Amino acid sequence: MSKTRSAAASAGPARRGGPKSDFLKVLHERGYVHQCTDEAGLDAAALKGPITAYIGFDCTAPSLHVGSLLAIMMLRKLQQTGHKPIVLMGGGTTRVGDPSGKDESRRLLSDEEIAANMAGIRTVFERFLTFGDGPTDAVMVDNADWLLDLRYIPFLRDVGRHFTVNRMLTFESVRLRLEREQPLSFLEFNYMILQAYDFVELWRRMGCVLQMGGSDQWGNIVSGIDLARRLEGAELYGLTTSLLTTASGAKMGKTAAGAVWLDPDMLSPWDYWQYWRNTEDADVGRFLRLFTELPLEEIARLEALEGAELNEAKKVLATEATAMAHGREAAEKAAETARRTFEQGAAGEGLPTVELPRAELEKGFGLLTAFVAAGLAKSNGEARRHIKGGGARVNDAPVRDERAVLTPEDVTEAGVIKLSIGKKRHALIRPIG
RNA sequence: GGAGGGGUGCCCGAGUGGUUAAAGGGGACGGGCUGUAAACCCGUUGGCUAUGCCUACGUUGGUUCGAAUCCAACCCCCUCCA
């Protein structure tokens, strides 16, 4: 898109020699930037003083997972470089549903679900941002505050007339559905308009001049910028990041147990650490830049390691990333547990532990049940399959008999029984009482 | 509103009366090789109180010794027409 730049910014500094503002400099150095609507203009604005920027998060799940981490990190960088982040909760837009990047419409969530999800998501941000009333303190707002009260006809007349269906149909999110002959409801079709309106509303309310997001949000962001110009004559900016995939092309954020949640109640710091530890070789440098705050020189040194040495870099990545999400202490503990478990083959104390009344053990506790209780298998059937397949171990000794029972004799000197599925998944059973 | 097509396991998709817990693929997981990597090879992939039982092919009923497969009604989706 072409934009007329204001006269003041005509000698755009970013054109030659890269951006001058700390904010854009940092984003570039660490590999966050994919596209920007007007980088020179944004650079100039960021150089002049604190700017306010936002990213929207829809409340479709009870917490955020690593798929959103990139966005969260951008807000963090924004704050660290002296600007004000707005976390926009999509209490209103979640009622509509973003068609971007989805083959088919999502189930409609109830108001109660949305409210519950929002509450869960809220807590995640406190780890990454500093909230408050100061000029660079983060704030959280909910677009339900303005979207729910919109009146249809006035909205159509004020906002709807600035959108042509012709253009809306060219949007990736819409086109994809049409081409694949997948249904796109009118409800979802409106999503981009609402998101565009959000940007305008945030500009009006808080002087927000920048919206960031994943590259799939580009169209929606640009719509907001256009709308603001037409409605308010305001000059706003958009910046997107590449959608994050691993070097082998898989979407990020999946693990054996499901999504890689940022909430410790939904995924333990131990598992979170493990997720990062298992990063592919080819991703280590990139992830260190994006998801840790180590100095770039240090990262350069780490990613230059070759072969098995690169594992050192992965451990650093895991510990730093975990420290940011769950605190330094939890991260160190996970690292230490991993060291003992994987490098010494011992039963690291920090492994996920379930307690079991000693009486149960004396009766003989079924092996299948034990694996399920320890969270290593979803059902007895799955536990059975792993035993048959040779992937199940008790105290590091393979077990082949699915009818076996655990007894007090299985308790090691450390006072626990170590169960393993595969080489990576371990848990402890601790007799009590 | 009319006509036609369709709803199958995590996803895609085959199956049109019995040998179907349902081909094939993807994903995921386990084993091997390694470095708790990638690639590759092999295997597994509904549940259970398990030589058997239960649940499952949009929903509910029906036909039949027997149904994902046939019939009826309903719900939802797509395409074309109005």
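As the structure is a computational prediction, the values presented were derived from the model and not from experiment.
A gap of 43 Å separates the P atoms of B/rG52 and B/rC75, to the nearest Å. Rounded to the nearest Å, the gap between the C1' atom of B/rG5 and that of B/rA56 is 25 Å. For B/rC11 and B/rA28, the P atoms lie 15 Å apart once the distance is rounded to whole Å. Between B/rA68 and B/rG30, the two P atoms lie 34 Å apart (nearest whole Å). Spacing between B/rG46 and B/rU20 at atom C1', rounded to whole Å, works out to 14 Å. A gap of 36 Å separates the P atoms of B/rU63 and B/rU49, to the nearest Å.
Here the C1' atom of nucleotide B/rU36 and the CH2 atom of A/W276 are 16 Å apart, to the nearest Å. Rounded to whole angstrom, the span from the CD atom of A/E382 across to the C1' atom of B/rC10 amounts to 13 Å. Taking atom NZ of residue A/K378 and atom C1' of nucleotide B/rC29, one finds them 8 Å apart after rounding to whole Å. Taking atom NZ of A/K423 as the reference point, atom C1' of B/rA37 lies 11 Å away to the nearest angstrom. Here the P atom of nucleotide B/rA37 and the CZ atom of A/R286 are 19 Å apart, to the nearest Å. The separation between A/F287 atom CZ and B/rA37 atom P is 16 Å, rounded to whole Å. When rounded to the nearest whole Å, the span between CG of A/N380 and P of B/rG46 equals 15 Å. The distance between atom CG of A/N278 and atom P of B/rA38, rounded to the nearest whole Å, is 8 Å.
Not counting sequence neighbours, A/F365 has no partner by the ring pair (Phe, Tyr, Trp, His ring centres under 6.0 Å) test. Evaluation of the ring pair (Phe, Tyr, Trp, His ring centres under 6.0 Å) rule for A/Y32 yields no partner, not counting sequence neighbours. Every residue meeting the side chain to side chain contact (heavy atoms under 4.5 Å, CB included) condition with A/K363, not counting sequence neighbours, appears here in chain and number order: A/E360. Judged as a side chain to side chain contact (heavy atoms under 4.5 Å, CB included), and not counting sequence neighbours, the contacts of A/A338 are A/W270, A/W273, A/Q274, A/F342. Under the ring pair (Phe, Tyr, Trp, His ring centres under 6.0 Å) criterion, A/F199 pairs with A/Y54, not counting sequence neighbours. By the side-chain hydrogen bond (donor to acceptor under 3.5 Å, both in side chains) test, A/S21 pairs with A/D43, sequence neighbours left out.
Across residues 300-309 of chain A, A/G307, A/A308 each have a non-hydrogen atom less than 4.0 Å from an atom of RNA chain B (numbered order). The stretch residues 311-329 of chain A comes close to RNA chain B through A/N311, A/K314, each having a heavy atom under 4.0 Å from the strand. Non-hydrogen atoms lying under 4.0 Å from RNA chain B are contributed by nothing in residues 363-371 of chain A.
For the salt bridge (charged side-chain N to carboxylate O under 4.0 Å, His left out) condition, the pairs that include at least one residue of residues 77-88 of chain A, sequence neighbours left out, are A/K77-A/E293. The side chain to side chain donor-acceptor pair (under 3.5 Å) contacts involving residues 294-304 of chain A comprise A/R289-A/E303, A/E298-A/R301, where partners must be two or more places apart or lie in separate chains.
Atom CD of A/Q344 has more than 12 heavy atoms from other residues, nucleotides or ligands within 6.0 Å.
The nucleotide whose nearest atom lies closest to any side-chain atom of A/E280 is, among B/rC33, B/rC48, B/rA38, B/rA38.
Side-chain rings of A/H326 and A/Y272 approach one another, their centers coming within less than 6.0 Å.
For A/T341 and A/H426, the side-chain atoms include no donor-acceptor pair closer than 3.5 Å. Side-chain atoms of A/Q195 and A/Q217 form a donor-acceptor pair, as typed in the model, at a separation below 3.5 Å. Side-chain N/O atoms of A/N395 and A/T412 include no donor and acceptor closer than 3.5 Å.
In this structure, B/rU16 makes no Watson-Crick or G-U wobble pair, since no nucleotide meets both defining distances under 3.5 angstrom. Taking a pair to require two hydrogen-bonding distances under 3.5 Å in either a Watson-Crick or a G-U wobble arrangement, B/rC33 remains unpaired. B/rU45 and B/rG27 make up a base pair, with Watson-Crick or G-U wobble contacts both under 3.5 Å. Pairing for B/rG1 is with B/rC81, a Watson-Crick or G-U wobble pair whose two hydrogen-bonding atom distances lie under 3.5 Å. The base-pairing partner of B/rU55, taking Watson-Crick or G-U wobble contacts with both distances under 3.5 Å, does not exist among the strands shown. Nucleotide B/rA72 is matched to B/rU60 when pairs are restricted to Watson-Crick or G-U wobble geometry with both distances under 3.5 angstrom.
Base contact: A/A338 has a heavy atom under 4.0 Å from a base atom. The residue A/R277 sits close to a base: some heavy atom pair falls under 4.0 Å. Looking at heavy-atom distances under 4.0 Å, A/W273 makes contact with a base.
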Pair up each side-chain donor or acceptor in residues 147-166 of chain A with any protein partner under 3.5 Å, not counting sequence neighbours, and list the distances.
{"from": "A/R161", "atom 1": "NE", "to": "A/R157", "atom 2": "O", "distance (Å)": "2.7"}
{"from": "A/H162", "atom 1": "NE2", "to": "A/D158", "atom 2": "O", "distance (Å)": "3.4"}
{"from": "A/T164", "atom 1": "OG1", "to": "A/R167", "atom 2": "N", "distance (Å)": "3.1"}

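Taking only side-chain nitrogens and oxygens, A/R425 never comes nearer than 4.0 Å to OP1 or OP2 of B/rA28.
Where A/Q274 and A/G422 each meet RNA chain B at their nearest nucleotide, the meeting point lying more 5' is that of A/G422.
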